[in-house]
Each structure stands twice: as C-alpha cells, then as structure tokens.
There are 2 protein chains.
Amino acid sequence: MPSPLEKARLNPDSMKAKILGVARKLFGDYGYNGTTTRMIAGKVGIDISTLYYHWGEKQDLYEALITDINEEIQLEFKEVEKNVKDKPLAERLDIAIDILTDYLFAHPEVSNLILHDSFNKSKPETVPDIKIGDFTSNIAIAMDLAKSRANVSVQTKARILAVWNCVLNFISGESFFRPILDIDRQHYLDTIKETLKFIIVPAFTKEKKEETYGIKP
Amino acid sequence: MPSPLEKARLNPDSMKAKILGVARKLFGDYGYNGTTTRMIAGKVGIDISTLYYHWGEKQDLYEALITDINEEIQLEFKEVEKNVKDKPLAERLDIAIDILTDYLFAHPEVSNLILHDSFNKSKPETVPDIKIGDFTSNIAIAMDLAKSRANVSVQTKARILAVWNCVLNFISGESFFRPILDIDRQHYLDTIKETLKFIIVPAFTKEKKEETYGIKP
DNA sequence: ACTTATATCCATCAATTGATGGAAACAATG
DNA sequence: CATTGTTTCCATCAATTGATGGATATAAGT
C-alpha cells in the first residue's frame, strides 16, 4: 500500500499533489507561521475544507512536505554520486557544485524550506528535520573526503556545511543579493557557481600542501 | 532632540530599552510573524498595552529594532577597520573573521534577524532593510580588495557575501549544526573560525597566482 | 436507476492576535 | 495637598486563523 505521499507523487495532477506543490512554494516563501491554510487553498483555487479533507491538519501537510523534500534531495545526491565516479577531487567538487546549484536554483523553495527548518524556532515540535547530517556524510563519501560514513572528521563536516550554507543563502537570498550585485538572473547563477568553485575547490584540493596562510596554529 | 531609539539606548534600564532588548531576541528566534506582542510583553513582565504605549505598532517596534541592529553592525565594522590597518591581506582576513564571528556568536539574534530579513517575504513592506550591500563594500575597502566604494567588482562582492553567509548560517544554525558535528559550544566557535579561515583565506590571498582549479573559462 | 463512496463547498466555532479606550496607580510640580 | 503629567493595567474589539460539521455535488459500482 502506497503512503499518502507516494500516492501524491504518483499522480501529479491529483488535488493532493497540486496542494502539496503550492504548499511547498508558500511555506518556502513565508515560513510555517507566515503561511495560512487559506493562502494555500486560495492559490490552489479551492476551499479550505477541501485542503483539510486531503491533508488533515496544517502540521500534517507540512510534515509531508518536509519528507517530500528529504527524498528529493536524496535523489539529487545520488545523481551527484553517479556523475563524480572515478573523477579526480577537483572535478568532483566542480560537478557537485554544478548539479546542486542548478537543482536548488530551479527549486528555490527547497532552499527556503531548509533554511526555515534549520533556523526558525517557531514550528511544530513533531515535524521531522531535514536530514542535513546525513547529506553531509554522503557528500563527504562522494567527494572521497572520508573512507566511511562513521569516519568523517569534524573539520571535513564543517567545511562541507560551509559550502552547503553558501549555496543555500545565495539561492534563497537571490532577491536580496542580486540587486547588490546588480546582475541578471543567469549571470547571478554563473556568479554563484564561480564564487563557490573559486573559494571551495582550492581549499579542499590544497589540503596537505600548505596548511598555513596566515592561520595561527 | 534625540530620536526614540537614541533615547532607549541612552538609558538601558528604561522600559523602552528593556522591551527592545526582549523584542530583539524574540523576533530573532521566531521571526516577525512568529512573534506576538503578547510574547514580548509577557517576557518583559508587562501588559501589552504598556508595550503599545512605548512603541506604538508592532511594525514600529520592529523597524526600530532593525535600525538598531544596522547601527550596531556598522560599529562592529568600524572596529574591524581599526584593527586591520596596515596589515597584510591574510592577517586582515584573519582579524575580520575573528572579530565578526565573536560579535555574532555573542549576539546570535543579530544573525537571526539578518537572515529573517533577507529570506522571509512575510514582513511589512515599509520596514527598512539591513544594509548588507553597504557592509559588503565597507569590507571590500577594509580588506583592500577594492580601491573605492564604487570600484568593488561583482566577483569580490560575491566572495565577501559568500563568507558573510557562511558566518551567519553557522551562528544562527548552531542548534542545528552543533549536534551534527557533536562538539561543545567553545569547540564549535573555534571550528567555525578555523573552517572560515581555511576556506576563505587561501582563496582571497591566492587571487592572481593560479586562477584555474578546474574552473571552465 | 439506486446506492454508495469520493470530493467540494458553505457556514460557523473557538482561539489567537493586533490594537485601543479608559480607569487606576504613580510621580512631579506648584 | 491639589494639580498635572506620566506610566501601567484591565477589559474589550475586530480581524484572522486553524479547524469541523453538514449539505451538496460528482463519480463509481451494482
């Protein structure tokens, strides 16, 4: 028997799926408290009670949504793993940044939801977290920065999180940062990628060459 | 005649200042919509109408708060500028990271508010933005990465924003990231700094040596 | 065609929230 | 003490919001 979520994913034209899609964008834009069930229903073009009929409580809808995002990201990471096989580190990082940035740029609500999820304290307790910890380890393995999932050092995890954070902020903060940089959307995407690569690739690839660029021991 | 804000800053024991202080933390934790005037009044230990008496609308309080933060950050940047004078680039970056990370770590609500401000679409229109654009240029000058405020390249701005984003996320996401890294608070602060320095300093100081670490033209 | 199951809407509730008017307490001034 | 100005609280409003019961429509099964 398929879970409610799988059912929704199976038929994208179903009302459940439509609601979930709209909810993703709205929860992403306005956060859990800033989004009302009436906003969602209104944008879908249905009555609130229809929404409640399909998804039950607001919390349940939000939870389904987080689960959905979790699965989607996991797929994206698998895509990365597939593409980086047997490549040297520099190229791996390059590919990973490309794939993940493209994905998030095309689905900015994912980025928004992750940020809300990690930083906002005003959401229901019961809601499952987005599993960033797992993703971090996955990436470490994929980048060949650690031998096994249990072996990822604090340093490595922190560095991956740093990159991850950068990407998320650039995506979610587009409307904020793009005016500062004063460039168009495509140029912005290119700039993000370039910036990430420029900053990250050397740091990770240099690793054992020269550890001290003015850093105290 | 001092503005209401200056008045509040002058006497930290005043009710206005107390309210503002509590509001900073609560708006930081729960965002604009997640924070109610009753929450603020409750935590201060006063009636809501007393809050309205001192600050008027919720919006007005929030605006005052953003202005307050803006000024505080500006002071912090001045502190950086003072400390990096006549130092080589690597050391400048090092000092800047130390000062800003320490400041934000001691005032996490500032970081929270900036993130909410840049990413959340559900706040009143009229509220002034936090002036990240200005800060970016200031840092570029202080780091000697640009000659004049008008001369900061898109690349440089983007790189500074990347670092800035990293710091903010690490601070605001402490409750989220620290369990992932499984370290104590002090160790966390050290790790943030080390990570930032390790990733950022080489990228900025290498600048003209080798531009291509797997980056396509 | 009749019955049953599914899906949608209308009307409404109780709780929360932003906001205000007015009474009471308090302080300052004459 | 009397007067005036400031600060605080109580009571209350109107609007919004999460949520539900019940009527109604649409589709499916027999």
Side-chain angles (χ1 to χ4, degrees), chain A residues 1-8 10-24 26-27 29-66 116 120-127, chain B residues 1-2 4 7-8 10-23 26-27 29-66 116 120-127:
Chain A
M1 61 187 99
S3 74
L5 188 65
E6 288 166 40
K7 227 171 121 196
L10 275 175
N11 181 6
D13 290 332
S14 72
M15 186 50 74
K16 271 194 99 157
K18 248 186 243 170
I19 297 172
L20 192 71
V22 170
R24 268 175 73 139
L26 287 179
F27 276 122
D29 275 353
Y30 302 107
Y32 187 78
N33 285 293
T35 308
T36 69
T37 49
R38 277 171 178 82
M39 282 167 69
I40 302 171
K43 201 169 179 187
V44 178
I46 55 171
D47 189 89
I48 353 166
S49 36
T50 304
L51 185 152
Y52 279 92
Y53 170 76
H54 283 288
W55 285 106
E57 292 187 3
K58 184 183 179 183
Q59 265 199 44
D60 293 338
L61 173 57
Y62 188 75
E63 281 185 34
L65 191 149
I66 295 292
H116 276 120
N120 204 330
K121 295 191 175 117
S122 64
K123 47 159 190 178
E125 294 291 328
T126 62
V127 168
Chain B
M1 59 187 100
K7 227 170 121 195
L10 275 174
N11 181 7
D13 290 332
S14 72
M15 186 51 74
K16 271 196 97 155
K18 248 187 243 170
I19 296 172
L20 193 70
V22 170
L26 288 179
F27 276 123
D29 276 353
Y30 302 106
Y32 186 79
N33 285 293
T35 308
T36 68
T37 50
R38 278 171 178 82
M39 282 166 69
I40 301 171
K43 201 169 179 187
V44 177
I46 55 170
D47 190 90
I48 353 166
S49 37
T50 304
L51 186 153
Y52 279 92
Y53 170 76
H54 284 287
W55 285 106
E57 292 187 4
K58 185 182 179 184
Q59 265 199 44
D60 292 339
L61 173 56
Y62 188 76
E63 282 185 33
L65 192 150
I66 295 292
H116 276 121
N120 204 332
K121 296 194 173 112
S122 63
K123 45 160 193 179
E125 293 291 329
T126 63
V127 167

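Lettering follows sequence order; numbering is per chain, from 1.
- Here CD1 of A:Ile66 is found 10.0 Å from CZ of A:Arg24. Values are rounded to the nearest 0.5 Å.
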| request: Report the C-alpha distance between A:Tyr32 and A:Lys58 in whole Å, list the side-chain angles of each, state the deciding distance to 0.1 Å, and finish with yes or no for side chain to side chain contact (heavy atoms under 4.5 Å, CB included). | output: CA-CA 9 Å; A:Tyr32 187 78; A:Lys58 184 183 179 183; 3.8 Å; yes

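- Heavy-atom minimum distance, A:Asp13 versus A:Lys18: O-CE, 3.8 Å.
- Backbone-only engagement by A:Ile46 is indicated by non-hydrogen atom pairs under 4.0 Å involving sugar-phosphate atoms exclusively.
- Taking all atoms of both residues into account, the shortest heavy-atom contact from B:Trp55 to B:Asp60 is O-CB, 3.4 Å.
- The separation between B:Tyr53 atom OH and C:dA23 atom C1' is 15 Å, rounded to whole Å.
- Closest approach of B:Asn11 to B:Ala17, counting heavy atoms only: O-CB, 3.5 Å.
- Taking atom CH2 on A:Trp55 and atom P on C:dT8, their separation rounds to 14 Å, with Å as the unit.
- Scanning both residues, A:Thr37 and A:Leu51, for their nearest heavy atoms gives O-CD1, 3.8 Å.
- Shown here for B:Ile40 and B:Leu61, the closest heavy-atom pair between the two residues is CD1-CD2, 4.0 Å.
- The shortest non-hydrogen separation linking B:Phe27 to B:Thr35 is CA-OG1, 3.5 Å.
- Contact check of residues 35-42 of chain A against DNA chain D (heavy atom, cut-off under 4.0 Å) returns A:Thr35, A:Thr36, A:Thr37, A:Arg38.
- You can see that DNA chain D meets the heavy atoms of chain A within a 4.0 Å-exclusive cut from D:dT17 to D:dG21, reading 5' to 3'.
- Contact annotation: A:His54 side-chain N/O to C:dT6 OP1/OP2 distance is not under 4.0 Å.
- As rounded to whole Å, 14 Å separates atom P of C:dC26 from atom CE of B:Met15.
- Nearest-nucleotide positions on DNA chain C for B:Glu57 and A:Ile48 put A:Ile48 closer to the 5' end.
- Projected onto DNA chain C by closest heavy-atom contact, B:Lys58 and B:Ser49 fall at different nucleotides, the more 5' of which corresponds to B:Lys58.
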